[in-house]
Protein chains: 2
Amino acid sequence: MCGALNPDELTLLSRHTRQIEHPSGEELVGESTRVEAYDNLMRGVVKLSKTLEDGRQQIVGLQFAPDLVGRLYAGESPMTAEAASDVEVCRVPRATLERLIERNPALRKRLMDQSLRELDEARDWMVTLGRKTAAEKVASLLLLIASHLDPEAAGERRIFDLPMSRLDMADYLGLTIETVSRQFSRLKKDGIITITANRHIEVLSLAKLQARCG
Amino acid sequence: MCGALNPDELTLLSRHTRQIEHPSGEELVGESTRVEAYDNLMRGVVKLSKTLEDGRQQIVGLQFAPDLVGRLYAGESPMTAEAASDVEVCRVPRATLERLIERNPALRKRLMDQSLRELDEARDWMVTLGRKTAAEKVASLLLLIASHLDPEAAGERRIFDLPMSRLDMADYLGLTIETVSRQFSRLKKDGIITITANRHIEVLSLAKLQARCG
DNA sequence: CGATATGTTGAAAGGTCTCAAGGGACGTGG
DNA sequence: CCACGTCCCTTGAGACCTTTCAACATATCG
């Protein structure tokens with residue numbers, strides 16, 4: 001985000017912001033709590049989720065640096081934001097950022113683009129949640145993660161560590177952990193991936209994985 | 001949208017726009033087609049949907065007047081926009097609207113707010129798609145429609161006509177039409193709603209309907 | 001009135017969840 | 001270094017829910 005600012009604005013911002021570190025699992029913003037500040041994500045992954053009264057949970061988005069975390073202009077946060085890995089953020093008071101947005105067209109455009117991109121991603125995921133089978137859902141998530149974590153790689157292979165637990169994946173896909181686990185086993189049996197130490201994934205055939213995405 | 005414009009801007013706009021009517025079912029923008037213009041929705045309901053290669057469809061949003069239809073700043077539309085009822089729009093060329101946005105802070109804020117609201121709605125719906133049962137999904141949709149179409153009504157009752165077919169509802173909820181139909185029958189049998197002529201709904205107990213939303 | 005599209009209902013198949021048991025990695029303490 | 005507990009993950013069996021396929025009912029429209 002700071003890329004969109006000029007030196008004066010950076011100075012102004014630095015007087016109002018604090019650098020904060022959050023260990024994995026810590027909550028940045030709670031669902032239905034008042035929004036007093038936004039968090040400029042510097043490092044790590046943030047998980048956005050919503051929970052039904054009886055505890056059923058759905059992950060509704062992931063954010064990566066340099067996203068801005070926090071629902072702009074809302075009095076209350078519509079969801080929980082939680083550190084999915086160890087995370088480093090710049091916390092900006094609401095009023096400071098909102099004033100800055102008024103003055104700075106580049107920053108404004110950048111945040112507008114982020115919102116529109118998040119909207120595209122949410123709608124893509126709605127198709128996955130509403131219309132894909134468990135096998136297709138798991139394949140889709142692996143492909144999504146692979147393209148985020150190993151974006152430069154060419155060819156048929158991809159190697160990466162899953163940045164989330166089976167429970168997180170289940171909550172992202174609208175499944176149970178058992179179903180996710182079974183689908184991983186199937187992908188392994190069919191020679192499409194190998195798994196070591198639960199989290200380390202090697203995709204052997206990207207084409208076959210893509211074919212399973214529906 | 002025009003509420004955010006001054007007289008000069010309205011004159012400018014009127015020279016560049018055309019009023020267009022679309023009968024129900026007509027496509028405004030096709031998935032993966034070039035975006036040449038935006039549509040300012042004056043009357044009616046527009047359905048946004050995405051389709052998998054094998055034909056499975058998911059509705060990812062509904063738009064009502066006075067929303068702007070069309071993905072801002074994108075070269076290609078990420079989804080299909082289709083008239084869900086008879087619809088009247090003001091078609092604005094891309095460049096015209098984008099220039100106007102640069103100059104007019106009120107318009108800019110209005111479109112930003114629309115994007116953020118659509119993002120909230122999409123994420124709410126992700127919870128419905130991923131974590132609710134068929135019964136809860138149908139109840140949630142009825143409640144959503146009731147609050148849109150009969151927003152002023154007080155008390156336990158709501159009366160309205162469904163603005164969509166069973167197939168549309170199924171595509172919105174990630175279900176089949178048969179499952180939707182069965183859930184309607186159950187709501188009828190349990191005395192929560194009555195249905196006449198397939199589309200005319202009377203909600204007898206809003207509280208009971210809400211209790212079924214999960 | 002017939003033709004067509006839309007909606008409902010039933011029975012069986014299939015997929016996902018639930019419940020239960022067991023396996024493997026990791027950290028702590030003996 | 002090993003024993004043990006804990007957490008996370010995997011696997012199996014049966015229950016449950018949704019889909020599929022088929023038949024029928026109802027609404028719409030010429």
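Here the structure is a predicted model, which means the values were calculated and not measured. Protein chains get the first letters and strands the later ones, always in sequence-line order, with residue 1 at the start of each. Atom set for the values below is all heavy atoms of this structure, side chains included, hydrogens, waters and symmetry mates excluded.
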For atom CD1 of I195(B) and atom P of dA27(D), their distance in whole Å:
12 Å
Looking only at side-chain N and O atoms, does T80(A) offer a donor or acceptor that is under 3.5 Å from a partner on K50(A)?
no
Between F184(A) and R131(A), just flag the one whose closest nucleotide in DNA chain D comes earlier from the 5' side.
F184(A)
Rounded interatomic separation in angstrom, taking CZ from R56(A) and C1' from dT18(C):
15 Å
Please report the distance, rounded to the nearest Å, between CD1 in I201(B) and C1' in dG7(C).
12 Å
Does dT10(D) have OP1 or OP2 sitting under 4.0 Å from an N or O in the side chain of R182(A)?
no
Can you check the D161(A) CG to dC9(D) P distance for me, whole Å?
13 Å
Would you say a side-chain N or O of T176(B) is under 4.0 Å from OP1 or OP2 of dT19(D)?
yes
Can you see if the side chain of R199(B) gets near the phosphate of dG7(C) - specifically, an N or O under 4.0 Å from OP1 or OP2?
yes
Are the side chains of Y172(A) and L62(A) in contact, using a 4.5 Å heavy-atom criterion?
yes
Whole-Å distance separating the CZ atom of R186(B) from the P atom of dT8(C):
15 Å
Judged by each residue's nearest nucleotide on DNA chain C, which is more toward the 5′ side, G174(A) or A197(A)?
G174(A)
Would you find a donor on one side and an acceptor on the other, under 3.5 Å apart, between the side chain of D54(A) and the backbone of R56(A)?
yes
Closest to the side chain of E178(B), out of dT20(D), dT16(C), dC9(D), is dT20(D)
Rounding to a whole Å, what distance do you find between R166(A):CZ and dC8(D):P?
12 Å
Knowing that exactly one of R157(A), R158(A), K188(A) qualifies, which makes a salt bridge (Lys or Arg N to Asp or Glu O under 4.0 Å) with E202(A)?
R157(A)
Using only side-chain N and O atoms of T179(B), determine if any of them is under 4.0 Å from OP1 or OP2 of dT19(D).
yes
Mind calculating the distance between NZ (K132(A)) and P (dG15(C)) to the nearest angstrom?
18 Å
Pick out which of L175(B), T179(B), V180(B) makes a side chain to side chain contact (heavy atoms under 4.5 Å, CB included) with K137(B).
L175(B)
Could you check whether S181(A) gets within reach of a base, just the sugar-phosphate, or nothing at all, counting any heavy atom under 4.0 Å?
base
Taking the side chain of T133(B) as heavy atoms from C-beta outward, which of dG7(C), dT18(D), dT16(C) is closest to it?
dT18(D)
Can you check the I193(A) CD1 to dC9(D) C1' distance for me, whole Å?
14 Å
